[in-house]
Participant: 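One structure is given below, represented as structure tokens, and several questions about it will come after.
Note that the structure is predicted; figures quoted are calculated from it, not measured. What's counted below: heavy atoms across the whole structure, side chains too, no hydrogens, waters or symmetry copies.
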Amino acid sequence: MATYSLANERLRALEDIEREIGAILQNAGTVILELSKEKTNERLLDRQATAFSASVQHVEAELSAQIRYLTQVATGQPHEGSSYSSRKDCQMALKRVDYARLKLSDVARTCEQMLES
């Protein structure tokens, strides 16, 4: 259950980022519209430019955090809410045990052959 809530939380964060990108585009459109006028409202331009810059910085920070998280997941580094790394370690340990069993079997066969000779 915790994994699903974490995944839902991540999806909500991405949806928030998407909404903020929409607001960024709206701010940019307002600025362009205002700049196209013969007489521009300087205060409106300043407010929109400030909001635009703040939103872009926030989106950049949030996307960087999402990318860091996805990098952790993709490389198997431990992260909250995942058992992938533990499962992978267990699978690799079982493969090593199987390999060791195979090699011990080969050694036992070799020893038996030497004793028979």
Side-chain angles (χ1 to χ4, degrees):
M1 278 292 180
T3 303
Y4 291 121
S5 65
L6 179 63
N8 287 335
E9 186 179 315
R10 293 283 176 185
L11 286 174
R12 275 193 297 279
L14 288 172
E15 288 170 353
D16 291 344
I17 292 169
E18 184 178 15
R19 276 191 290 279
E20 192 151 0
I21 290 171
I24 288 170
L25 293 173
Q26 194 170 22
N27 286 339
T30 302
V31 168
I32 291 170
L33 182 64
E34 189 63 30
L35 287 172
S36 69
K37 294 178 181 176
E38 198 148 317
K39 186 174 179 182
T40 60
N41 182 343
E42 294 294 323
R43 267 210 255 149
L44 177 65
L45 284 175
D46 285 342
R47 275 197 319 268
Q48 293 296 323
T50 302
F52 178 85
S53 295
S55 292
V56 167
Q57 288 176 351
H58 183 257
V59 165
E60 184 179 4
E62 288 298 314
L63 285 176
S64 292
Q66 292 290 330
I67 290 169
R68 278 192 305 278
Y69 172 77
L70 291 173
T71 301
Q72 285 180 333
V73 172
T75 59
Q77 295 177 1
H79 56 89
E80 68 277 350
S82 174
S83 62
Y84 175 79
S85 181
S86 299
R87 284 195 322 259
K88 190 68 172 170
D89 289 344
C90 183
Q91 288 173 346
M92 293 304 290
L94 289 172
K95 287 183 187 272
R96 287 191 298 270
V97 166
D98 287 341
Y99 182 75
R101 237 186 245 142
L102 179 68
K103 288 301 175 184
L104 285 173
S105 168
D106 288 348
V107 169
R109 247 192 319 270
T110 302
C111 287
E112 286 174 4
Q113 288 173 354
M114 289 177 71
L115 291 174
E116 289 175 358
S117 311

Participant: Should T40 and E42 be marked as a side-chain hydrogen bond (donor to acceptor under 3.5 Å, both in side chains) after you check the CA-CA gap, both sets of side-chain angles, and the distance that decides it?
Facilitator: CA-CA 6 Å; T40 60; E42 294 294 323; 3.2 Å; yes
Participant: Within the 4.5 Å heavy-atom criterion, are H58 and I17 side-chain neighbours or not?
Facilitator: no
Participant: Under 3.5 Å, side chain of S53 to main-chain N/O of T50, donor-acceptor pair present?
Facilitator: no
Participant: Would you say T71's side chain and I67's backbone share a donor-acceptor pair under 3.5 angstrom?
Facilitator: yes
Participant: Compare every heavy atom of A13 with every heavy atom of Q66, then report the nearest pair and how far apart it is.
Facilitator: NE2-CB, 3.5 Å
Participant: Let me confirm one number: the CD-CZ distance from E34 to R43, rounded to the nearest 0.5 Å.
Facilitator: 12.5 Å
Participant: Do K95 and D98 meet the salt-bridge criterion of a basic N to acidic O distance under 4.0 Å?
Facilitator: no
Participant: Which atom names give the shortest non-hydrogen contact between V31 and A49, and what distance separates them?
Facilitator: CG2-N, 4.3 Å
Participant: Do Q48 and L44 come within less than 4.5 Å of each other through their side chains, counting heavy atoms only?
Facilitator: yes
Participant: Find the distance between OG (S55) and CD (Q57) and round it off to the nearest 0.5 Å.
Facilitator: 9.5 Å
Participant: Can you check whether I24 reaches F52 side chain to side chain, under 4.5 Å on heavy atoms?
Facilitator: yes
Participant: Hydrophobic cluster membership, with links at side-chain heavy-atom distances under 4.5 Å among I/L/V/M/F/W/Y: are V56 and L63 in one?
Facilitator: yes
Participant: Taking R109 first and then D106, would you say they form a salt bridge - that is, a charged N and a carboxylate O separated by under 4.0 Å?
Facilitator: yes
Participant: Can you tell me how far the CG atom of N27 sits from the CD atom of E20, to the nearest 0.5 Å?
Facilitator: 9.5 Å
Participant: Please assess D16 against R19 for the test salt bridge (Lys or Arg N to Asp or Glu O under 4.0 Å), listing each intermediate value before the final yes or no.
Facilitator: CA-CA 5 Å; D16 291 344; R19 276 191 290 279; 2.3 Å; yes
Participant: Nearest 0.5 Å, what's the CG-OG1 distance between L35 and T30?
Facilitator: 10.5 Å
Participant: Check whether Y69 and L14 end up in the same hydrophobic cluster, where Ile, Leu, Val, Met, Phe, Trp and Tyr are linked by side-chain heavy atoms less than 4.5 Å apart.
Facilitator: no
Participant: Any Lys/Arg nitrogen of R12 or E15 sitting under 4.0 Å from an Asp/Glu carboxylate oxygen of the other?
Facilitator: no
